[in-house]
Number of protein chains: 4
Amino acid sequence: MSPRPVNKDEKRAEILDAAIRVFARDGYHPTKIEDVARQARVAKGTIYLYFTSRDDILAAAFERFADEALHGVRAIVEADGPALDRLHALVRAMVTGATAEPELARIVFDFWAVRGPGTGTVDFARIYAEYRRLVAVLLDDAAAEGAVRPDVPEQTPAVLVGLVEGVLLQWLVDPAGVAAEPAARTATDLLLAGLAPR
Amino acid sequence: MSPRPVNKDEKRAEILDAAIRVFARDGYHPTKIEDVARQARVAKGTIYLYFTSRDDILAAAFERFADEALHGVRAIVEADGPALDRLHALVRAMVTGATAEPELARIVFDFWAVRGPGTGTVDFARIYAEYRRLVAVLLDDAAAEGAVRPDVPEQTPAVLVGLVEGVLLQWLVDPAGVAAEPAARTATDLLLAGLAPR
Amino acid sequence: MSPRPVNKDEKRAEILDAAIRVFARDGYHPTKIEDVARQARVAKGTIYLYFTSRDDILAAAFERFADEALHGVRAIVEADGPALDRLHALVRAMVTGATAEPELARIVFDFWAVRGPGTGTVDFARIYAEYRRLVAVLLDDAAAEGAVRPDVPEQTPAVLVGLVEGVLLQWLVDPAGVAAEPAARTATDLLLAGLAPR
Amino acid sequence: MSPRPVNKDEKRAEILDAAIRVFARDGYHPTKIEDVARQARVAKGTIYLYFTSRDDILAAAFERFADEALHGVRAIVEADGPALDRLHALVRAMVTGATAEPELARIVFDFWAVRGPGTGTVDFARIYAEYRRLVAVLLDDAAAEGAVRPDVPEQTPAVLVGLVEGVLLQWLVDPAGVAAEPAARTATDLLLAGLAPR
DNA sequence: GATGAATGAGTTTTCATTCAT
DNA sequence: AATGAATGAAAACTCATTCAT
């Protein structure tokens, strides 16, 4: 009788997509369950068949976000080719991802603002640690290829990640005042110049 | 008839301090006017003698925050001494400011997350633009002193600001995983190496 | 999936009835939404599913009131029979309506007292104008029947309407001091005597 | 030291005047003690030195209103001259009083709307009774002068008072739709025609 | 499974009243 | 007497969550 073979997981994903769309447009706090329901074309009560609470949706949205982001990073890092090429590709991918859907990118502000218990306490520590680990892999490869000096400082992955995040942050907050792509490019170039062999 | 020893501005500042303290501890959204009142040791109604609404408090808190931060930056930039020393001092000051009161630093997450109308939509664009302008001044001085090459890329201030913000962001989100001070130091050194003359 | 037997319009009407009952007993201004909810046997929030605001309820109550009243007047005016009979019937109906439920009749005091914006400022002008128009029809008929002189003054409908309202007003304010029914009868007789042909 | 010799009663009267002015402009319910204080050029606390509560002010305003109104009526009734002249003068005075200051006249709506205890329960019964008594005196005089028939119905004073109030009510509610002065004149003429001797 | 009417705890905001100065 | 800062009870309104159908 059901037109599409919607199984539980698919439907959950559909609702989550709707939620993310609304969060992106209006922000998490102003968004009502009713808004999500409307966007997802289901009744309010249905939401509670797939999520235990409003916060649960936010947690799930974050999870989804982080997974996709890390997945993309991992794919680039583990691709073939010179390490520096992959590094540049990584930075470009982050910037493109953000600039393609600024509203979506702004969701991280909401994630960051979540505090204390209530949510499954959005686990940024794990995400960023993994992100840095992947960058470290890239830097090791680059060192092995002789593209950067062999003794890059331990903090370098944090620096690189911070650089990209910091540039994107400024762009998100003031798209007219900061050109994300050139700034990210400049950032990477300067950093790599500082890491140059010899 | 008696002017009452309580100065209106002072009292407003006291309440604002209380509010900021609570925002820092619990986050902006979860904070109730009642909480602020309790912290400020006044009755709920008193708050409304000094602020027109809950949002007005957030706006004022942000104003205060931005003013203090920019004021500090400006003082350092306009101090005497070699430009590079001042640059390092600036970075150190930002890091120290954040690490001294992490909870306070986290407030910016709340500011960022605020959307749409209600507040006069916190003007981050202006703040960051001014921040970058001051860093640009520092870079000009450094170039004049021959401490960096004369043709630093236009995006460099944004990169430098992003660097500090990005490193602090990671530290705020995972204090155990990122050492703010060394990471910031490393970051600055690498960038300056990349900007070295010749 | 189930349409639920509760009809939305019916429920709205039920709540409105409850509201009118409470307004009649306590007056509009002293009445709290909670009181209306209790009287209607629903929760506070339910009220807001059927009315957008407290003022909206007042407006609806007035609407209902005016509709019923005008409907009754119209029915009598458009009935068959000698014009004077209908006029007397009209006056009697107004008086009976008021005396049957004095508390309900007093509600108009609240309506009159409502000022400024908030409500769409209850449109008494329209109501009374229509009321006068209907009375004018009656007078025309009476003139055609030769029951009153052919040149009744233009203001007569206003005078007739005012008569009934003024008598009822005094009775509402002092039921013991003024007998509504005889006073209205006397009033009509005297006026009609003044309007007699010749 | 006080510039004007303001004694307690004078000041009370000043505040009351201010209150009435504000009530007339904005209506009783929307008016805040603060508004009255501002209008009276005193501090909020001062109001409470002359009135025990907000409702007390309304009661006093009503008292004042009723006293002035009845005083005017009494003066006209007890003046010299033919009874019918005095009757016409009375009606004219009521109409002129209302039309001169419509806003002020609308205050009675607020008075009427007051319910139950809380206020000193505005005593309209007494006021209207006295009003009717004075009109009755006029009618007796007129009968004695042969200007109306000797057996005017007992309800006539109530009818006359109602007529004037009813006409003014319609005018207050719709100044554009009802001409107070002509309508009142017509009302009196018709009534007197109905009461004519023979 | 799905719905959406109903609920009521929770929040912001207002404002009459008090009282220290 | 006068002031006006402070109070906190009260009220309107919101919205996450439940549950009968």
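From a predicted model like this one, the values you see are computed outputs, not experimental measurements. In the text below, chain A, chain B and the rest are named by the order of the sequence lines, each starting its count at 1.
Going from atom CD of Glu34(C) over to atom P of dG8(E) covers 10 Å, rounded to whole Å. As a whole-Å value, the separation of Arg54(C) CZ from dA10(F) P is 16 Å. Between the NZ atom of Lys32(C) and the C1' atom of dG8(E) there is a distance of 19 Å, given to the nearest Å. Between Ile47(D) atom CD1 and dC15(E) atom P the separation is 16 Å, expressed in whole Å. The interatomic distance linking Leu49(C) (CG) with dG4(E) (P) rounds to 13 Å, in whole Å. The separation between Phe51(A) atom CZ and dG1(E) atom P is 13 Å, rounded to whole Å.
In terms of phosphate contacts, Lys11(D) brings a side-chain nitrogen or oxygen within less than 4.0 Å of OP1 or OP2 of dA2(F). Contact check, Tyr50(B) against dA6(F): a side-chain N or O comes under 4.0 Å of OP1 or OP2.
Residues Ala61(A) and Ile20(A) come closest through the heavy atom pair CB-CG1, 3.8 Å. The two residues Phe51(A) and Asp56(A) make their nearest non-hydrogen contact at CA-OD2, 3.5 Å.
Nearest to the side-chain atoms of Tyr48(B) among the listed nucleotides dT14(F), dT14(E), dA6(F) stands dT14(E).
If you check distances only, the side chain of Lys44(D) does reach the base of dT17(E) with a donor-acceptor pair under 3.5 Å.
Nucleotide dA1(F) has no partner under the Watson-Crick or G-U criteria, as no pair reaches both atom distances under 3.5 Å.
Taking CG of Asp17(C) as the reference point, atom CZ of Arg12(C) lies at 11.5 Å (rounded to 0.5 Å).
Stacking of Arg54(C) on the aromatic ring of Tyr28(C) is recorded, both the 6.0 Å distance cut-off and the 45° axial limit being met.
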